[in-house]
Amino acid sequence: MTLLTIDWLLVLEKLILIVVIILASLGIALYTTFAERKVAGILQDRPGPNRAGPFGLLQPFADGLKLIMKEEIIPNTSNKILFVLGPALAMTAALMTCAVVPWGDKVEVFGRTVKLQIADINVGILYVFAVVSLGVYGIMIGGWASNNKFSLMAALRGASQAISYELAMGISLIALLMTTGTLQLGEIVKQQQAPGHLWNIAYQPLGFLIFLVCAFAECNRTPFDLPEAENELNFGYHQEYSSMKLGFYLFAEYVNMFISSAIMATLFFGGYDIPFFDEAAHASMGNWLAVLGVISLMIKVVIFIFFFMWVRWTIPRFRYDQLMNLGWKSLLPLALANMLITGAVILWLHK
Amino acid sequence: MSATQILFWILSVVALFSAIMVLLSKNPVHSVLWLIAVFFSISGHYILLNAQFLAIVNMIVYAGAIMVLFLFVVMLMNLNKETEPQKNLWLKLAGVVSGGCLLMILVSLIRQASEVTNKQVLLKDGNIGLIKNLGKALFSDYVVPFEISSVLFLSAMIGAVVIGKKN
């Protein structure tokens, strides 16, 4: 089946994979909103949402329905196309990263070997980095098109925060790349899976810490949620938004949280590697091994998401100057030192 | 037509259309956004040439960092039609003539250059754009120019700090 010299079965396979992964990301993000409210409830000693369905399990759907049913308001003076483009860009940038995350090992379907990863490209980590740096546009365009001073201020804050923390994030990744020697995410997971090789967190603890803090900042999560600081900026960059456009902005944050958890698990915690279990010795399990791997990755992701929430309901918001000081005066020098030390150690070990 | 060719035509049309829109948009913010679209389509061209590293770095550096700063400045300056200075007609004419001259020189150069004419472009099979080969070339054959350009960047950085310290 070749037309235009394209393998259409491969296209179909990838299309199914893309649809499944995007729907799964959205579904997990949907229930993350519910989990967030439950975790907040537990941390504040109250039950949390418990009215819609058993244990309040239908709450996310009730929230979504409420957002969709609300009136769509586009401010009269705003730039209409860009006003709609803002949330769309935020959502697209949030979902684009899941293309390079290896969600699991290969599975056999109807005699075809299918990799549980949309694209294992050569420059995987750089791709993640490029998409992260595009996430700023959703905030900036939305804030500017709202034609509201508070929105614009919040958008500028958000953009400068993202730019500042991207630097430390990139440099902490360079140190990781020095130890792995590859940019391919699939390859990085394979290396961590190999017997006798520890997870990357053991080789790059400081790099992981810097990456974690920067991930919080890039996701606009507390303690770095200055772009939506309601006591200073009313509601931040999405103040003029209503209905599902607001929903997209709020939702993009949860998708970002899920994807960055998956990236952290992949880079530093072995991805779909099952701890204390030799995958190579159990190759006869076939597809079930891949399923177990996916479950293992998901457990790691859920732990990270819980950590995100735990921090949100524990640590208060930073002031703007504290945020900039932390980014430029603490994290950036630390990341640089980490990179230099890693490079020196690698050179020394090779001799 | 192969798939690569179709992609090439789509990307070229998008790139040229966005580039024209950069010039034609009245609103500077729209111009910046169209310019971002240009960078994306050019990144697509790089991917067609199998220069993945170049494509991604083009996206990170230009679309991700430089254009964000452009957008930053344009948004803060609050440029609109009323504040736009009316330019003299002769100045406009001079601009058209000099721009046309530049275009003519570029086109004639490309038409005459023996290095580009009658040469097949390496599509998707060329490996020089992959990060491993690029790194080896940069750090062995071209290490001196590479280091010199790093000195250039350092001096630019120091210059920025000096300008920032003045106030």
Side-chain angles (χ1 to χ4, degrees), chain A residues 2-8 11 79 81-82 85-86 89 93 96 100 119 121-147 149 151-153 155-164 166-167 169-170 173 177 181-184 237, chain B residues 1-7 21 25-37 39-40 43 46-47 50-80 123-124 127 129-135 157 161 164:
Chain A
T2 45
L3 178 68
L4 279 172
T5 65
I6 301 174
D7 184 2
W8 287 99
V11 174
N79 188 315
I81 297 170
L82 291 185
L85 195 67
L89 271 180
M96 260 164 78
V100 292
I121 51 175
N122 238 319
V123 285
I125 292 184
L126 289 180
Y127 172 86
V128 172
F129 203 60
V131 175
V132 164
S133 62
L134 294 179
V136 188
Y137 286 117
I139 295 180
M140 279 190 95
I141 291 173
W144 181 76
S146 301
N147 203 12
K149 274 178 206 145
S151 300
L152 183 63
M153 287 302 293
L156 294 177
R157 265 191 188 189
S160 48
Q161 170 182 331
I163 293 174
S164 315
E166 252 165 40
L167 288 174
M169 189 183 225
L173 277 182
L177 294 182
T182 176
L183 290 160
Q184 245 169 321
Y237 57 90
Chain B
M1 266 208 294
S2 68
T4 319
Q5 234 169 342
I6 295 171
L7 281 175
M21 285 309 286
S25 323
K26 293 264 190 253
N27 193 326
V29 172
H30 292 184
S31 289
V32 173
L33 294 177
W34 281 114
L35 195 54
I36 295 165
F39 286 135
F40 266 93
S43 276
Y46 287 144
I47 290 173
N50 211 16
Q52 300 171 352
F53 181 68
L54 202 55
I56 289 287
V57 165
N58 186 40
M59 239 147 57
I60 294 175
V61 174
Y62 284 93
I66 293 181
M67 292 327 282
V68 170
L69 293 179
F70 263 53
L71 208 56
F72 225 96
V73 174
V74 171
M75 280 178 181
L76 278 182
M77 294 226 286
N78 197 19
L79 299 168
N80 39 32
L123 279 175
K124 77 186 179 190
N127 299 334
L130 299 187
I131 190 160
K132 207 166 235 166
N133 306 326
L134 203 65
M157 232 159 21
V161 171

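Only a predicted model underlies this, so the values are computations on that prediction, with no experimental measurement involved. Values below: every heavy atom of this structure, side chains too, minus hydrogens, waters and symmetry copies. Chain identifiers are assigned alphabetically (A, B, ...) following the order of the sequence lines, protein sequences preceding nucleic acid strands; residue numbering begins at 1 within each chain.
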Toward chain B, the part of A:Leu156 with a non-hydrogen atom under 4.5 Å | both
Could you state the interatomic distance from CZ (B:Phe72) to CD1 (A:Ile163), rounded to the nearest 0.5 Å?
-> 5.5 Å
Which one, A:Ser160, A:Gly143, A:Gly170, leads in non-hydrogen pairs under 4.5 Å with chain B?
-> A:Ser160
Sort A:Leu85 into side chain, backbone, both or neither according to what part of it lies under 4.5 angstrom from a heavy atom of chain B.
-> neither
Between A:Val131, A:Leu82, A:Val136, A:Thr182, which shows the greatest number of heavy-atom pairs under 4.5 Å with chain B?
-> A:Leu82
Shortest non-hydrogen contact from A:Met140 to B:Met75?
-> O-CE, 3.4 Å
CG on B:Leu33 to CG on A:Leu89, rounded to 0.5 Å | 8.5 Å
For residues 56-70 of chain B, please give each side-chain donor-acceptor pair under 3.5 Å, one per line with the distance, not counting sequence neighbours.
| from | atom 1 | to | atom 2 | distance (Å) |
| --- | --- | --- | --- | --- |
| B:Asn58 | ND2 | B:Phe39 | O | 3.3 |
| B:Asn58 | ND2 | B:Ser43 | OG | 3.1 |

Take atom CE of B:Met21 as the centre, draw a 6.0 Å sphere, and report whether it contains more than 12 heavy atoms from other residues, nucleotides or ligands.
-> yes
Listed by chain and number, what are the side-chain contact (heavy atoms from CB on, under 4.5 Å) partners of A:Ala93, not counting sequence neighbours?
-> none
If you measure from CD1 on A:Ile121 to CD1 on B:Ile47, what distance do you get to the nearest 0.5 Å?
-> 7.5 Å
Quick one: pull up NE2 in B:His30 and CD1 in A:Ile81 and give me the separation to the nearest 0.5 Å.
-> 7.0 Å
Tell me, for A:Leu126 versus chain B, whether the close heavy atoms (under 4.5 Å) come from the side chain, the backbone, both or neither.
-> both
